[in-house]
Visitor: 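Dropping a structure here in C-alpha cells format, bear with me for questions.
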Amino acid sequence: MINYPNPKVVLITGTTSGVGKSLQELYLNSGKIVLAINRRLPPGPWNGNLRNFICNISDAIEVEKIIDNLIETKEIPGLWILNAGINEIDNIEHLDVNQFKKVLETNLYGSLNFIQGLQLKKIKNVTVLTISSTSILVPNSASLGYYISKFAIINLCRLLQFCDRDNSYKTVVLGPTNTNLNKSLPPMEGLQAKIFNYLSLTSASA
C-alpha cells in the first residue's frame with residue numbers, strides 16, 4: 001500500500017524549546033496541524049491543531065508505532081522536520097563513549113528511524129527537513145558527538161536526494177546570528193528560506 005501525505009500536517013521533533021518550539025508556533029499560526037514529537041509532554045495549554053506524542057526517537061519500534069498511528073488516522077505529514085538533538089560535552093582528549101553514543105542515538109539515529117519508517121511504510125511525496133547548527137562547519141573537539149552526528153545526517157540527506165526520488169530531503173543550517181555560513185550548501189529557497197527568515201525575525205525581536 002502506498003500512503004500519501006496530508007499537506008496540512010507537519011511533524012516536528014523536539015518542540016519543548018528553542019528552534020523546535022518556534023517552528024511549532026509558526027505552523028500552528030499558519031493553520032497547520034502540528035504533530036509534536038517529544039520524549040516528554042511540553043507544559044502549557046494545547047492548541048486544537050496540536051497533537052502531542054511521547055516518543056523516544058532513538059527507539060525504532062516507538063517511532064514505527066507513531067507512524068502506524070498516523071497512517072491509521074490519515075494524518076501523514078507532508079513535512080517532517082527532524083529537529084530534536086542534544087549537544088553533550090564530550091572532549092576527544094578524554095572521550096566518554098557513553099556520552100558520545102547518547103548524542104548519536106538522538107541526533108543521528110533518531111532522524112534515521114523516521115526516514116526508515118517513511119520508506120518502509122511506502123510514504124511518498126513528503127519533504128524531510130533536518131536542522132543543524134553552524135558548529136558543523138569546523139570540527140569542534142568539545143562537541144565531538146554533535147559535530148559528527150549532524151555532519152553525518154546532512155550528508156546522508158544529500159545522498160538521499162539522489163537515491164530516494166519519491167521524497168525530498170533538505171537541510172537548514174542556523175548559527176548564533178541565524179546566518180547561513182555553510183557556503184557548501186545550496187542557497188536556501190522556498191520552504192528553507194521561509195523557515196530561516198522566520199527564525200531570524202523572531203530571534204531579532206527576542
Side-chain angles (χ1 to χ4, degrees), residues 5-6 8-89 98-118 120-121 123 126-133 135 143 145-146 149-150 152-154 157 169-174 191 195-196 198-199 202-203 206:
N6 183 341
K8 296 181 179 180
V9 180
V10 178
L11 179 149
I12 309 174
T13 63
T15 68
T16 55
S17 63
V19 172
K21 184 177 181 180
S22 294
L23 291 175
Q24 176 177 290
E25 294 173 0
L26 167 67
Y27 285 103
L28 286 175
N29 291 337
S30 67
K32 301 288 188 182
I33 295 172
V34 174
L35 314 176
I37 313 294
N38 295 291
R39 189 184 293 268
R40 292 175 294 276
L41 283 177
W46 290 6
N47 182 291
N49 281 347
L50 178 63
R51 314 279 193 270
N52 283 290
F53 294 87
I54 299 178
C55 178
N56 175 7
I57 64 172
S58 64
D59 187 323
I61 295 176
E62 287 193 29
V63 171
E64 184 177 10
K65 287 180 180 178
I66 292 288
I67 296 174
D68 283 339
N69 179 272
L70 301 181
I71 292 172
E72 183 178 345
T73 58
K74 299 188 183 335
E75 286 191 326
I76 302 173
L79 173 61
W80 304 46
I81 302 180
L82 306 180
N83 162 74
I86 56 177
N87 188 8
E88 300 286 341
I89 301 300
N98 289 328
Q99 288 279 56
F100 186 81
K101 287 172 64 177
K102 180 180 178 182
V103 175
L104 290 186
E105 285 171 357
T106 300
N107 298 8
L108 177 57
Y109 292 107
S111 295
L112 286 175
N113 286 334
F114 279 98
I115 293 170
Q116 174 182 253
L118 71 88
L120 289 176
K121 303 299 179 179
I123 297 172
V126 306
T127 295
V128 177
L129 185 70
T130 60
I131 308 290
S132 176
S133 153
S135 64
S143 299
Y146 184 88
S149 63
K150 290 298 185 178
I153 198 67
I154 285 173
C157 285
Y169 297 86
K170 301 176 182 293
T171 300
V172 169
V173 178
L174 300 170
L191 176 65
I195 290 177
F196 184 86
Y198 171 79
L199 292 175
T202 55
S203 175

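Note that these values count all heavy atoms, side chains included, but never hydrogens, waters or copies made by symmetry. Small disclaimer: the values here were computed from a predicted structure and weren't measured. Residues take their numbers from the sequence shown, with the count starting at 1.
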Visitor: Consider only side-chain N and O atoms of Ser58 and Asn113, and report whether a donor and an acceptor are under 3.5 Å apart.
Guide: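 Result is no, nothing qualifies.
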Visitor: With Trp80 as reference, evaluate Val10, Ile123, Ile37 under the side chain to side chain contact (heavy atoms under 4.5 Å, CB included) test and give the passing residue.
Guide: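 Running side chain to side chain contact (heavy atoms under 4.5 Å, CB included) over Val10, Ile123, Ile37 with Trp80 returns exactly one hit, Ile123.
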Visitor: Given the rule in the side-chain contact (heavy atoms from CB on, under 4.5 Å) test, do Ser132 and Tyr146 qualify, once you have shown the distances and angles that lead to the verdict?
Guide: CA-CA 9 Å; Ser132 176; Tyr146 184 88; 4.2 Å; yes
Visitor: I'd like to know whether Val128 forms a side-chain contact (heavy atoms from CB on, under 4.5 Å) with Leu82, so could you lay out the CA-CA distance, the side-chain angles of the two residues, the decisive distance to 0.1 Å, and finally the verdict.
Guide: CA-CA 7 Å; Val128 177; Leu82 306 180; 3.7 Å; yes
Visitor: Evaluate the side-chain contact (heavy atoms from CB on, under 4.5 Å) criterion for residues Ile86 and Lys102: first the C-alpha distance (whole Å), next the side-chain angles of each, then the deciding distance (0.1 Å), finally the verdict.
Guide: CA-CA 9 Å; Ile86 56 177; Lys102 180 180 178 182; 3.8 Å; yes
Visitor: Using atom types as modelled and distance alone, determine if a side-chain donor or acceptor of Asn83 lies under 3.5 Å from a backbone N or O of Thr13.
Guide: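 Here the side-chain-to-backbone pair exists.
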Visitor: For Ala36 and Gln24, work out which heavy atoms get closest and say how close.
Guide: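 Closest approach of Ala36 to Gln24, heavy atoms only: CB-OE1, 3.5 Å.
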Visitor: Can you tell me if Thr106 uses its side chain to pair, donor with acceptor, with the backbone of Gly85 under 3.5 Å?
Guide: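 Pair absent, no side-chain N/O of Thr106 close to backbone of Gly85.
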Visitor: Hey, what do you get for SG (Cys55) to CD1 (Ile67), rounding to the nearest 0.5 Å?
Guide: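 Nearest 0.5 Å value for the SG-CD1 distance: 9.0 Å.
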Visitor: If you compare all heavy atoms of Gly78 against all heavy atoms of Pro5, which two are closest, and at what distance to 0.1 Å?
Guide: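 The answer is CA-CB, 3.7 Å.
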Visitor: Under the side-chain contact (heavy atoms from CB on, under 4.5 Å) criterion, do Ile76 and Val9 qualify, and how do the steps go?
Guide: CA-CA 7 Å; Ile76 302 173; Val9 180; over 6 Å; no
Visitor: Quick one: CG on Asn49 to OH on Tyr27, what's the gap to the nearest 0.5 Å?
Guide: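 Rounded to the nearest 0.5 Å, the CG-OH separation comes to 14.5 Å.
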Visitor: Once rounded to the nearest 0.5 Å, what's the spacing between atom CD1 of Ile154 and atom CG of Leu108?
Guide: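 Going from CD1 on Ile154 over to CG on Leu108, the span is 11.5 Å.
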Visitor: Would the distance check show the side chain of Glu62 and the main-chain N or O of Asn56 forming a donor-acceptor pair, the cut-off being under 3.5 Å?
Guide: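 Confirmed, Glu62 side chain pairs with Asn56 backbone.
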Visitor: So which atom in Gln116 and which in Ala60 form the shortest heavy-atom distance, rounded to 0.1 Å?
Guide: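 For Gln116 and Ala60, the tightest heavy-atom pair comes out as NE2-CB, 4.5 Å.
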Visitor: Roughly how far, to the nearest 0.5 Å, is the CG atom of Leu70 from the CG atom of Asn6?
Guide: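 So the CG of Asn6 and the CG of Leu70 are separated by 11.0 Å.
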Visitor: Looking at Glu64 and Lys121, is any side-chain nitrogen of the basic one under 4.0 Å from a carboxylate oxygen of the acidic one?
Guide: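 Between Glu64 and Lys121 there is a salt bridge, with a charged N closer than 4.0 Å to a carboxylate O.
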Visitor: Less than 4.5 Å apart, any side-chain heavy atom of Val126 and any of Leu79?
Guide: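 When only atoms from C-beta onward are counted, Leu79 and Val126 do not touch, as no gap falls below 4.5 Å.
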Visitor: To check you understand the geometry: which heavy-atom pair defines the closest contact between Val103 and Gly145, and what is its length?
Guide: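 Result for this residue pair: CG1-C, 3.4 Å.
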Visitor: What pairs with Asn107 under side chain to side chain donor-acceptor pair (under 3.5 Å), at least two apart in sequence or on another chain?
Guide: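 Side chain to side chain donor-acceptor pair (under 3.5 Å) check on Asn107 returns Ser149.
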Visitor: For a 4.5 angstrom cut-off between non-hydrogen side-chain atoms, does Glu75 reach Leu35?
Guide: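 Contact flag for Glu75/Leu35 side chains = yes.
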Visitor: How many angstroms lie between atom CD1 of Ile81 and atom CD1 of Ile12, to the nearest 0.5 angstrom?
Guide: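 Separation between the atoms: 4.5 Å.
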Visitor: Contact between Ile54 and Arg40 at the side-chain level, heavy atoms closer than 4.5 Å - yes or no?
Guide: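 Counting from C-beta outward, Ile54 and Arg40 never come under 4.5 Å.
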Visitor: Evaluate the side-chain proximity of Leu23 to Thr15: yes if any heavy-atom separation is below 4.5 Å, no if none is.
Guide: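 Not touching, per the 4.5 Å side-chain cut-off.
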Visitor: Rounded to the nearest 0.5 Å, what separation is found between the CD1 atom of Ile57 and the CZ atom of Phe114?
Guide: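 It is 6.0 Å, given to the nearest 0.5 Å.
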Visitor: How about Tyr169 and Ile115: do any of their side-chain heavy atoms sit closer than 4.5 Å?
Guide: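 Yes. Closest side-chain heavy atoms under 4.5 Å.
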